[in-house]
Asker: 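Got a structure here, written out as C-alpha cells. Questions coming.
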Amino acid sequence: MAEKLEQLYEGKAKKVYKTDDENLYIVSYKDDATAFNGKKKGTISGKGVVNNKMSNYLMRKLQEEAGIPTHFVEELSDRDTLVKRVSIVPLEVIVRNIAAGSFSKRFGVPEGTNLLCPTLEYCYKSDELDDPMCNSYHILACGWATKEELDTIADYTFRINAYLKAFFKKLNIDLVDFKIEFGRTPDGTIILADEISPDTCRFWDSETHEKLDKDRFRRDLGHVEDAYREMMKRIFGE
Ligand code: UDP
C-alpha cells in the first residue's frame, strides 16, 4: 500500500503528501473548518471522514457513469486517499441551480429562488485577493487556463452538475450550488481534482429545505456534525 512521505502542503481542510510514486499523492482530510477566507475557524468532528468517503464515492461514480476523468485512485483509509498528481488550475468553478450565498447578495435574488438555467462562475484562487470573481476573458488574458482547457472545464462542469443534481434528487436532496476545481496531469490532461463534499456544496432537504452542509457552520445554525452525518446516511445508508 502507498505510504505518506514528505508533506507537500497543508491547506485549510486537507494535507497533501508525496508517495514513492512521483505521479501519485496522498490527500489526508482534517476536521478543521474555516469560512470567510479563513477569518472564521473551528472544528467539525468527523468531517474529514465524511468528506473523504463522500468525495471518493462521487468521483468514482462521475468517472464510471458520466465519463468525467478525476484524480481519484484509491481510498486508503477513513481519511486518506491516493490521488493522481496534478497542478491545480487556479480557478474555483462554481455552478448554481438555486440562488444562495454570494449570488443572492450580489444580485439581490432571494435565497431559494430557482434559477431558470444552471449558471457557471469562475473565481481566481488567491487568498490575498479574497478569490475575486472573474470571467473567461480575464482567465485567458492572465494565462490561468487556455481556451481549450476552459472549454473542457465548462463542458465537464455542466455534465457533473447534471449527474450530481439527479443523483442527489433521488436522495431527496436539492443540489443548490457547488464549487469544484480541476488539475492538469503531468501530460497536460484536465481532470477533476480537489473534493466534492458538504464543505464545497450546498445541500438542502427537498421537502423541509433544511441545510445539510457547511452553511450550518458558516451561519452558526447548530447541529453541524448532524448535517454531515445525515449526508453520509443518505448516500451510504445506516
Ligand atoms: N464554495 C467553496 N469554497 C469557496 C467559496 C465557495 O467551496 O471558497 C462553495 C460554497 O460551499 C457553495 C458555492 O461554492 O456551495 C457557492 O458559494 P458562494 O459563492 O455563494 O459563497 P459563500 O456564500 O459560500 O461565501
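Atoms within a ligand are numbered from 1 in the order they appear, just like the ligands themselves. Note that the coordinates shown come from a computational prediction; the quantities given were computed from them, not determined experimentally.
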Asker: Could you work out, for atom 17 (O) of ligand 1, the closest of Glu121, Lys179, Arg202 by heavy-atom distance?
Answerer: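 Going through Glu121, Lys179, Arg202 one by one, Arg202 has the nearest heavy atom to atom 17 (O) of ligand 1.
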Asker: Nearest heavy atom to atom 10 (C) of ligand 1: which of Glu92, Lys105, Arg218 does it belong to?
Answerer: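 Of the listed residues, Arg218 has the closest heavy atom.
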Asker: Number the atoms of ligand 1 from 1 as they appear, then name those within less than 4.0 Å of a heavy atom of Gly101, with their elements.
Answerer: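 In order of numbering, the contacting atoms are 20 (O), 23 (O).
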Asker: Heavy-atom contacts under 4.0 Å between Cys123 and ligand 1: side chain, backbone, both, or neither?
Answerer: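 None of Cys123 does.
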Asker: Answer yes if the side chains of Asn97 and Asn161 hold a donor-acceptor pair under 3.5 Å, and no otherwise.
Answerer: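 The answer is yes; a qualifying pair exists.
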Asker: For Phe217, is the NZ or CZ atom of Lys40 found under 6.0 angstrom from the centre of its six-membered ring and inside 45 degrees of the ring axis?
Answerer: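 Positive - Lys40 is close enough to the ring of Phe217 and near enough to its axis.
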Asker: Between Asp199 and Lys47, does any side-chain N to carboxylate O distance fall below 4.0 Å?
Answerer: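 Salt bridge between Asp199 and Lys47, a charged N being under 4.0 Å from a carboxylate O: yes.
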Asker: Can you tell me the protein heavy atom closest to atom 21 (O) of ligand 1 and the distance?
Answerer: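 Among all protein heavy atoms, the one nearest atom 21 (O) of ligand 1 is Ser102 OG, 3.8 Å.
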Asker: Atom 1 (N) of ligand 1: protein heavy atom closer than 4.0 Å?
Answerer: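 True for atom 1 (N) of ligand 1.
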Asker: How is the hydrophobic cluster of Val86 composed, in terms of its other members, when Ile, Leu, Val, Met, Phe, Trp and Tyr link through side-chain heavy atoms under 4.5 Å apart, directly or indirectly?
Answerer: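 So far as hydrophobic clustering goes, Val86 is joined with Ile88, Ile191.
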Asker: Assess the side chains of Ser45 and Asp31: does a donor N or O sit below 3.5 Å from an acceptor N or O?
Answerer: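 No pair is found: no donor N or O on one side chain lies under 3.5 Å from an acceptor on the other.
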Asker: Determine, considering heavy atoms only, which of Asp177, Ile196, Asp131, Asp199 sits nearest to atom 15 (O) of ligand 1.
Answerer: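 That would be Asp177.
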Asker: Does the plane of the ring in Trp204 sit parallel, tilted or perpendicular to the ring in His209? Use 30° and 60° as the thresholds.
Answerer: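 The rings of Trp204 and His209 stand perpendicular, inter-plane angle above 60°.
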